[in-house]
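Every heavy atom of this structure was used, including side-chain atoms; hydrogens, water molecules and symmetry mates were not.
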Amino acid sequence: MTAAASAGALSSCTGSGKALAYPDAPKDNTVDTYFGVEVADPYRPLENDTAAATLEWVKAENKVTQDYLSQIPFREKLRERLTQLNNYAKSGMPKKAKDGKYYYYENSGLQNQSVLYRTDSLNGKAEVFLDPNTLSDNGTVALTGISRSNDGKYTAYTVSRNGSDWTEIYLLDTESAKPLDDHVEWAKFTGAEWQGDGFYYSAYPRPEEGKEFSNANENHQIYYHKVGTPQSEDILVYEDPAHPLHFHSAYVPSSEDYLFVIGGGEGIGNSVMFKSLKTPDAKWVTMEPSQDYNIEIFDVADGKIYFTTNYGAPHARVMTAPIANPSRSNWQELIPESEGVLTDVTPSGDKLIVSYEKDASSRAYIYTRDGKQLKEVEFPTYGSASFSASKDNDEVFYTFTSFTYPAAVYAYDINSGESTLVKAPEINGVNFDDYVTEQVFYTSADSTKVPMFITYKKGLKRDGQNPVYLYGYGGFNVSLPPTFSPNRMVWLENGGIYAQANLRGGSEYGEEWHLAGTKMNKLNVFNDFIAAAEYLINEKWTNPELITIEGGSNGGLLVGATVNLRPDLFKVAIPRVGVMDMLRYHLFTIGWNWASDYGTSADSKEMFEYLKGYSPVHTIRNDGTPYPAILVTTADHDDRVVPAHSFKYAATLQAADTGDAPKLIRIDSNAGHGAGKPMSKVIDEYTDIYSFIFHNIGRTPK
């Protein structure tokens with residue numbers, strides 16, 4: 001390797017009518033060989049995100065980006081409006097705990113993190129139980145989970161710092177809400193599963209100093225921590241060194257009779273094994289050895305394991321298995337597969353709340369424990385619902401939200417079927433009756449029908465002159481149902497259309513829909529996204545000069561790949577925290593876990609060539625083809641999709657001949673993949689994104 005070039009050197013490019021000078025990125029002469037094919041990787045030094053040359057380049061890139069954005073005259077007005085739109089009280093669902101108190105989250109408006117409250121009654125005076133805003137000066141410590149011991153004596157809570165996936169666990173005395181001395185570090189993808197005066201959790205070995213946010217994570221272990229003892233005394237309960245890339249999660253039912261270990265990371269589903277916690281030296285019992293099917297356990301009672309699975313049912317079904325002999329041959333169907341996709345089962349007293357998605361919108365039904373359907377839960381419109389309930393009582397709450405329906409909290413009488421509004425947010429200056437959402441089905445390249453939601457202001461004319469914000473994801477069995485975002489309102493109230501496409505690769509129509517967008521079928525996802533834009537043009541909603549596309553993570557890959565395929569179709573592109581190097585993604589943090597969706601460049605020559613054929617970093621054109629204006633976003637503590645992806649993509653883009661539109665990268669500090677981001681940073685980010693979009697489509701927001 002040659003020495004990295006100084007990040008201070010500048011090359012010229014034009015953007016928005018005036019020259020933009022992009023910093024030269026650190027480079028070397030790295031060439032990798034895949035199945036006899038040589039592939040240059042000149043920006044390999046950017047994978048070292050703590051190197052001095054990389055840090056210098058990051059600083060220089062952020063200066064170019066902020067200098068550009070600071071010249072947009074309406075930027076601060078947009079910030080003011082986004083601040084107003086976010087400044088409303090947001091309440092979560094109450095949940096009744098064994099101490100008889102109701103616990104719920106609430107954000108008064110612009111608090112960086114939501115506060116956990118408790119109260120003796122729904123209408124009673126609430127007290128702060130835990131305020132994560134006190135855990136840091138800038139709101140970058142996020143509360144990510146709560147778990148109470150079954151006797152209610154202790155409360156464990158998990159936090160993330162700076163948006164990282166690394167988890168720390170702390171304890172409170174529940175009655176007094178006073179902190180205890182217990183502290184667990186280097187946990188990941190875990191909560192606290194209580195048994196007695198202690199809990200199980202999952203963690204990785206302590207990472208190498210300086211590589212905490214980039215090195216591959218291997219050997220996920222399960223430990224038991226006893227209250228009042230240091231982490232150094234925690235007991236290793238389970239590990240599988242023969243499979244260092246597997247995840248291992250603990251589950252303990254409220255009876256505390258069994259410890260379940262859920263394994264994942266290799267297939268598209270998960271394995272399940274368990275052992276008795278009441279029998280000394282109990283042996284592990286295998287319920288499902290493979291990771292070929294999704295299995296979600298929601299209860300253990302009456303000698304049975306209650307779970308959902310897509311084994312033998314692509315839309316999933318509810319099953320039981322006898323504890324005494326839980327192998328697949330002894331599974332019994334409780335609720336059969338239906339037209340909708342089963343998404344969740346929540347026990348409530350002696351009943352079950354069974355949730356589905358149908359055409360990407362929530363449905364829910366009440367069932368008896370023996371699988372008899374009693375009634376449907378009625379929702380205001382199509383949207384997204386989630387439930388809070390317990391098998392210890394029959395009090396049920398749910399939240400409901402849609403594109404122009406901020407999340408409202410309802411109490412639900414499971415016997416009468418009546419819903420009662422508990423809390424509904426109000427946003428000053430917004431009349432949601434002014435907007436409408438419709439669902440359309442458009443045709444993709446292979447004649448597959450794909451659903452898409454379109455939201456806009458009433459009275460809008462379909463004359464081809466409307467700005468469109470097209471959003472997609474398309475992967476990892478993740479669906480995109482209707483949800484509310486206050487930031488999106490600034491687009492809608494300025495005459496913009498928000499379009500959300502339910503691409504293949506998601507779970508909208510079960511496992512078949514998911515698999516149709518994975519591995520050698522991944523191009524279906526990009527074709528679905530392209531077809532969505534073409535539909536909006538053909539139906540006179542908009543034209544290519546007014547279309548913005550956006551997506552994050554796997555959706556960032558979607559945007560990057562789609563721009564390379566059809567740069568003529570879009571005016572602006574916002575790839576956020578994207579997976580941009582498809583040949584090396586599996587070598588960082590937990591990237592190896594995505595192989596079930598993507599395949600890897602090491603699998604076969606055919607898979608390597610397929611990945612290289614759409615990898616955003618490797619397919620950027622360099623022949624003068626005009627590209628849209630592009631704003632790449634990432635963050636320095638993103639250990640889900642490491643920032644090297646966005647760094648290499650942006651550096652390659654800026655060095656290529658892709659026309660005069662700006663190609664910028666916004667690199668956030670003390671932030672991660674997105675979850676738990678403080679409100680102040682959310683507003684800053686959307687201020688910059690919308691300023692960039694409006695400026696580059698030539699529209700001035702009101």
Side-chain angles (χ1 to χ4, degrees), residues 15-16 440-454 456 462-474 480 491 496-505 517 522-552 554-576 578 580 613-632 649 653 656-664 689 692-699:
S16 281
V440 300
F441 293 82
Y442 64 89
T443 304
S444 191
D446 62 355
S447 299
T448 297
K449 292 291 186 181
V450 180
M452 177 166 60
F453 292 105
I454 303 175
Y456 54 92
R462 285 170 59 171
D463 56 5
Q465 299 302 311
N466 304 297
V468 162
Y469 192 120
L470 175 59
Y471 179 79
Y473 185 78
L480 289 184
W491 181 256
I497 296 168
Y498 176 73
Q500 184 167 291
N502 297 105
L503 315 173
R504 280 175 283 185
K522 188 65 178 176
L523 284 176
N524 286 337
V525 183
F526 312 141
N527 287 335
D528 289 355
F529 206 46
I530 289 168
E534 291 176 331
Y535 171 89
L536 292 164
I537 294 166
N538 293 336
E539 294 297 317
K540 306 298 183 184
W541 292 99
T542 190
N543 70 76
E545 291 296 303
L546 292 171
I547 299 179
T548 295
I549 54 172
E550 189 252 299
N554 174 71
L557 161 64
L558 168 71
V559 171
T562 304
V563 165
N564 290 343
L565 288 167
R566 289 292 305 276
D568 60 303
L569 203 52
F570 318 108
K571 186 66 174 179
V572 180
I574 314 289
R576 302 175 68 188
M580 300 308 212
Y614 72 78
S615 175
V617 166
H618 299 94
T619 53
I620 292 171
R621 305 188 189 198
N622 192 20
D623 57 4
T625 299
Y627 264 42
I630 299 175
L631 177 63
V632 184
Y649 172 73
L653 194 62
D657 182 6
T658 58
D660 293 342
K663 316 295 188 306
L664 301 175
I689 287 173
F692 186 83
I693 294 171
F694 279 116
H695 183 62
N696 280 284
I697 64 171
R699 297 290 177 94

Verify side chain to side chain contact (heavy atoms under 4.5 Å, CB included) between Leu536 and Ile454, making sure each step is shown before the conclusion. CA-CA 10 Å; Leu536 292 164; Ile454 303 175; 3.9 Å; yes

Test log, rule side chain to side chain contact (heavy atoms under 4.5 Å, CB included), inputs Met452 and Tyr442: CA-CA 8 Å; Met452 177 166 60; Tyr442 64 89; 3.8 Å; yes

Under the salt bridge (Lys or Arg N to Asp or Glu O under 4.0 Å) criterion, do Arg504 and Asp446 qualify, and how do the steps go? CA-CA 12 Å; Arg504 280 175 283 185; Asp446 62 355; 2.8 Å; yes

Apply side chain to side chain contact (heavy atoms under 4.5 Å, CB included) to Phe453 and Tyr498, showing your working. CA-CA 8 Å; Phe453 292 105; Tyr498 176 73; over 6 Å; no

Could you go step by step and tell me if Ile547 and Ile549 meet the side chain to side chain contact (heavy atoms under 4.5 Å, CB included) rule? CA-CA 7 Å; Ile547 299 179; Ile549 54 172; 4.3 Å; yes

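Residues Tyr473 and Leu503 fail the side-chain proximity criterion, which asks for heavy atoms closer than 4.5 Å. Side-chain contact between Pro467 and Phe694 is absent, with no heavy-atom pair separated by less than 4.5 Å. Residues Arg576 and Val632 are not in side-chain contact: their nearest non-hydrogen atoms beyond the backbone lie 4.5 Å or more apart. Using a 4.5 Å heavy-atom cutoff, the side chains of Val572 and Ile697 are in contact.
Residues forming a ring pair (Phe, Tyr, Trp, His ring centres under 6.0 Å) with Tyr471 (at least two apart in sequence, or on another chain): none. Scanning for side-chain contact (heavy atoms from CB on, under 4.5 Å) contacts around Asn622 gives Ala656, Asp657, with sequence neighbours left out. Partners of Phe570 by ring pair (Phe, Tyr, Trp, His ring centres under 6.0 Å), not counting sequence neighbours: none found. Arg462 is linked by a salt bridge (charged side-chain N to carboxylate O under 4.0 Å, His left out) to Glu539, counting only residues two or more places apart in sequence or in another chain. Listed by chain and number, the residues in a side-chain contact (heavy atoms from CB on, under 4.5 Å) with Leu565 are Phe526, Ile530 (sequence neighbours excluded).
Taking both residues in full, the closest heavy atoms of Ile537 and Leu569 are given as CD1-CD1, 3.7 Å, listed atom of the first, atom of the second, then distance. Minimum heavy-atom separation, Ala573 to Val559: CB-CG1, 3.8 Å. A pairwise comparison of heavy atoms in Ala501 and Ala532 identifies CB-CB, 4.2 Å as the closest pair. Summarising the geometry of Asn466 relative to Thr542, their closest heavy-atom pair is O-OG1, 2.6 Å, with the distance given to 0.1 Å. Closest of all the heavy-atom pairs between Gly472 and Leu558 is C-CD2, 3.5 Å. Contact between Pro575 and Tyr649 at its shortest, heavy atoms only, is CG-CE2, 4.0 Å.
At least one donor-acceptor pair under 3.5 Å links the side chain of Lys663 to the backbone N or O of Ala661. For the pair Thr625 (side chain) and Pro567 (backbone), a donor-acceptor distance under 3.5 Å is absent.
The stretch residues 562-573 participates, sequence neighbours left out, in these side chain to side chain donor-acceptor pair (under 3.5 Å) pairs: Glu534-Arg566, Glu545-Lys571, Asn564-Thr619, Asn564-Tyr627, Arg566-Asp568.
Of the N and O atoms on the side chains of Arg621 and Thr658, not one donor lies less than 3.5 Å from an acceptor on the other residue.
In this structure, OG in Ser444 is found 5.5 Å from CG in Asn527, a value given to the nearest 0.5 Å. Atom CH2 of Trp541 and atom CG of Leu470 lie 13.5 Å apart (nearest 0.5 Å). With rounding to the nearest 0.5 Å, the separation of CD1 in Ile574 from CD1 in Ile630 is 9.0 Å. The structure places CZ of Arg699 at 13.5 Å from CD1 of Ile693, a figure rounded to the nearest 0.5 Å.
The aromatic rings of Tyr469 and Trp491 stand perpendicular to each other, their planes meeting at an angle above 60°, with 30° marking the opposite boundary.
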